[in-house]
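The block underneath contains the structure these notes are about, expressed in structure tokens.
Fair warning: this is a prediction, and the values are worked out from it, not measured in the lab.
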Amino acid sequence: MTENPPDPPAEHPSLSAATLKERLDAGDTVRLLDVRDRDEFETWHIDGPTVTATQLPFAKFLQAKVTGDVDGLLDAVAGEGPITAVCARGEASAFVAGLLVDHGVDARNLADGMEGWARLYDAHELPTDAATILQYERPASGCLSYLVVSDGEAVVIDPLRAFTDRYVADAAAHDATLTYAVDTHIHADHVSGLRQLADHGVEPVVPAPAVDRGVTFDVTALPADGSLSVGATTLDALPLPGHTTGMTGFRVGDTLLSGDSIFLESVARPDLEAGDEGAPDLARTLYETLTERLAELPDETLVAPGHHSETTEPADDGTYTARLGELRDRLPALALDRERFVERLCGDIPPRPANFERIVAINLGTDTADDDTAFELELGPNNCAAAPL
């Protein structure tokens with residue numbers, strides 16, 4: 001793909017990532033024309049229940065401008081309605097949007113492209129009385145993080161390195177000081193913000209079994225029965241192994257921050273720590289987590305997971321949450337016996353997250369990356385859930 005395409009042949013409207021997200025949340029029909037190369041598109045693209053996406057490489061539009069066959073390319077764009085052109089950084093797609101406008105098409109450019117989409121970060125407040133809990137969503141990957149605020153103190157759960165300043169600022173906006181930064185486990189899909197937040201004077205906390213995987217930087221190791229006091233609120237650790245040996249959720253009143261254990265449409269994948277050979281053992285552990293550990297919690301428990309998929313619909317309040325009783329009825333995996341569960345879970349494991357081995361190494365502290373490299377490493381879907389069972 002051309003790195004520096006010619007100037008767009010006409011003035012063209014643009015669409016911000018935030019506006020695109022608003023339209024997707026509203027259930028509006030969205031027609032996308034992705035002009036990146038096929039492999040880039042197949043690895044990672046914007047999708048959703050109301051999205052129609054067509055991939056046509058930028059080079060074809062350059063050629064069509066010369067040959068005058070733009071209308072022929074339009075016949076290949078699926079869907080109806082206005083077209084939003086997409087590329088990596090919003091440059092090639094700006095040319096395409098301008099070209100389409102010149103040919104009488106209602107088109108616009110996604111400003112800053114997929115990179116801008118990856119920098120979008122939304123927050124919604126959870127419906128709970130235990131404390132103020134903000135759920136952060138990164139639409140580009142489905143990663144969910146949490147800020148718990150109580151009586152002038154705050155803790156962030158599963159912070160992303162790319163947004164560390166946001167957590168500090170949002171705590172301050174709630175008249176609170178960020179005191180703890182916690183990872184529920186060693187993440188394989190995004191670079192953790194623990195060490196960067198430690199530079200702000202925030203205490204980094206990692207569950208003790210996760211520390212045992214080889215964390216090399218200074219952290220507070222939280223025992224399996226440990227808790228954190230934040231203002232007038234207590235976060236109680238709840239070991240939920242299976243995705244990894246150290247995966248730990250946190251109970252905050254009637255809310256369970258479940259990390260990568262149970263999601264709204266699936267359960268965690270078991271292969272990222274121990275590989276294919278160790279996946280069956282971790283799948284058996286996950287089965288015990290889902291059927292025994294979570295069995296102790298009431299149906300009314302509000303589950304707030306660590307990720308959502310592209311097809312997951314938010315609740316009416318905009319959050320990605322559900323009552324545990326609903327998930328017990330919704331997820332077929334929970335009705336299987338143990339060996340059938342293991343067979344189904346390990347028999348259809350999705351592709352592993354891009355660059356996951358290096359991301360794990362960075363999160364352990366055995367490798368390093370500057371901010372730009374860290375951002376590039378985690379671009380793409382999270383793939384931390386199993387295929388729907």
Heavy-atom closest contact (Leu377 atom, Ala369 atom, distance): CD1-CB, 4.5 Å
Glu273 (side chain) donor-acceptor with Thr245 (main chain) under 3.5 angstrom: yes
Exam field: side chain Thr234 to backbone Asp236, donor-acceptor pair closer than 3.5 Å: no
Any donor-acceptor pair under 3.5 Å from Asp158 side chain to Thr184 backbone: yes
Co-membership, hydrophobic cluster, residues Phe58 and Leu33, 4.5 Å side-chain: yes
Residue pair His124 / Asp317: nearest heavy atoms and the distance that separates them: CD2-O, 4.0 Å
Non-hydrogen atoms of Leu379 and Ala118 that approach each other most closely: CD2-CB, 3.4 Å
For His243, all residues meeting ring pair (Phe, Tyr, Trp, His ring centres under 6.0 Å), sequence neighbours excluded: His185
For the student: nearest non-hydrogen atoms of Asn363 and His190, plus distance: ND2-O, 3.0 Å
Under 3.5 Å donor-acceptor, Arg269 side chain and Pro351 backbone: yes
Arg31 bridged to Asp106 by N-O distance under 4.0 Å: no
Under 3.5 Å donor-acceptor, Asn109 side chain and Gly90 backbone: yes
Criterion salt bridge (charged side-chain N to carboxylate O under 4.0 Å, His left out) on Asp367 and Arg358, from CA distance to verdict: CA-CA 7 Å; Asp367 197 355; Arg358 187 171 181 201; 3.0 Å; yes
From CA spacing to verdict: side chain to side chain contact (heavy atoms under 4.5 Å, CB included), Val206, Val211: CA-CA 6 Å; Val206 177; Val211 174; 3.7 Å; yes
For the student: nearest non-hydrogen atoms of Pro305 and Ser258, plus distance: CA-OG, 3.2 Å
Leu194 with Val156, same ILVMFWY side-chain cluster at under 4.5 Å: no
Salt bridge present between Arg352 and Asp271 (N-O < 4.0 angstrom): yes
Residues Glu203, Thr220; criterion side chain to side chain donor-acceptor pair (under 3.5 Å); working and verdict: CA-CA 7 Å; Glu203 183 176 348; Thr220 297; 2.5 Å; yes
Min side-chain heavy-atom separation Leu110-Thr84 under 4.5 Å: yes
Check: Leu160 main-chain N/O paired with Tyr167 side-chain donor or acceptor under 3.5 Å: yes
Non-hydrogen atoms of Thr233 and Ala131 that approach each other most closely: OG1-CB, 3.4 Å
Thr19 (side chain) donor-acceptor with Leu15 (main chain) under 3.5 angstrom: no
In one Ile/Leu/Val/Met/Phe/Trp/Tyr side-chain cluster, 4.5 Å: Tyr180, Val215: no
Audit row: Trp117, Val86, side chain to side chain contact (heavy atoms under 4.5 Å, CB included) steps and yes/no: CA-CA 10 Å; Trp117 183 244; Val86 181; over 6 Å; no
Presence of salt bridge, Asp170 and Arg166, under 4.0 angstrom: yes
Donor-acceptor under 3.5 Å (Thr248 side chain, Gly246 main chain): yes
Ring geometry between Tyr121 and Phe163 (parallel below 30°, tilted from 30 to 60°, perpendicular above 60°): parallel
Trace of the side chain to side chain donor-acceptor pair (under 3.5 Å) decision for Glu265 with Ser309: CA-CA 8 Å; Glu265 293 183 327; Ser309 73; 2.8 Å; yes
NZ/NE/NH1/NH2 to OD/OE distance under 4.0 Å, Asp25 and Lys21: yes
Cluster link Val77 to Val30, ILVMFWY, side chain under 4.5 Å: no
Check ion pair Glu378-Arg161 (N to O, under 4.0 angstrom): no
Phe250/Tyr146 aromatic ring centres below 6.0 Å: no
Parallel, tilted or perpendicular: rings of Phe263 and His307 (30°, 60°): perpendicular
Cluster link Leu62 to Val96, ILVMFWY, side chain under 4.5 Å: yes
Any donor-acceptor pair under 3.5 Å from Thr319 side chain to Leu126 backbone: no
Exam field: side chain Ser14 to backbone Ala111, donor-acceptor pair closer than 3.5 Å: no
Residues Arg89, Glu376: salt bridge by 4.0 Å N-O rule: yes
Tyr287 six-ring face occupied by Arg340 cation (under 6.0 Å, within 45°): no
Residues Gln55, Arg36; criterion side chain to side chain donor-acceptor pair (under 3.5 Å); working and verdict: CA-CA 7 Å; Gln55 184 273 332; Arg36 296 175 297 158; over 6 Å; no
Intermediate values then yes/no, side chain to side chain contact (heavy atoms under 4.5 Å, CB included), Thr244 and Leu272: CA-CA 7 Å; Thr244 66; Leu272 294 181; 5.7 Å; no
Donor-acceptor side-chain pairing of Ser192 and Asp183 below 3.5 angstrom: yes
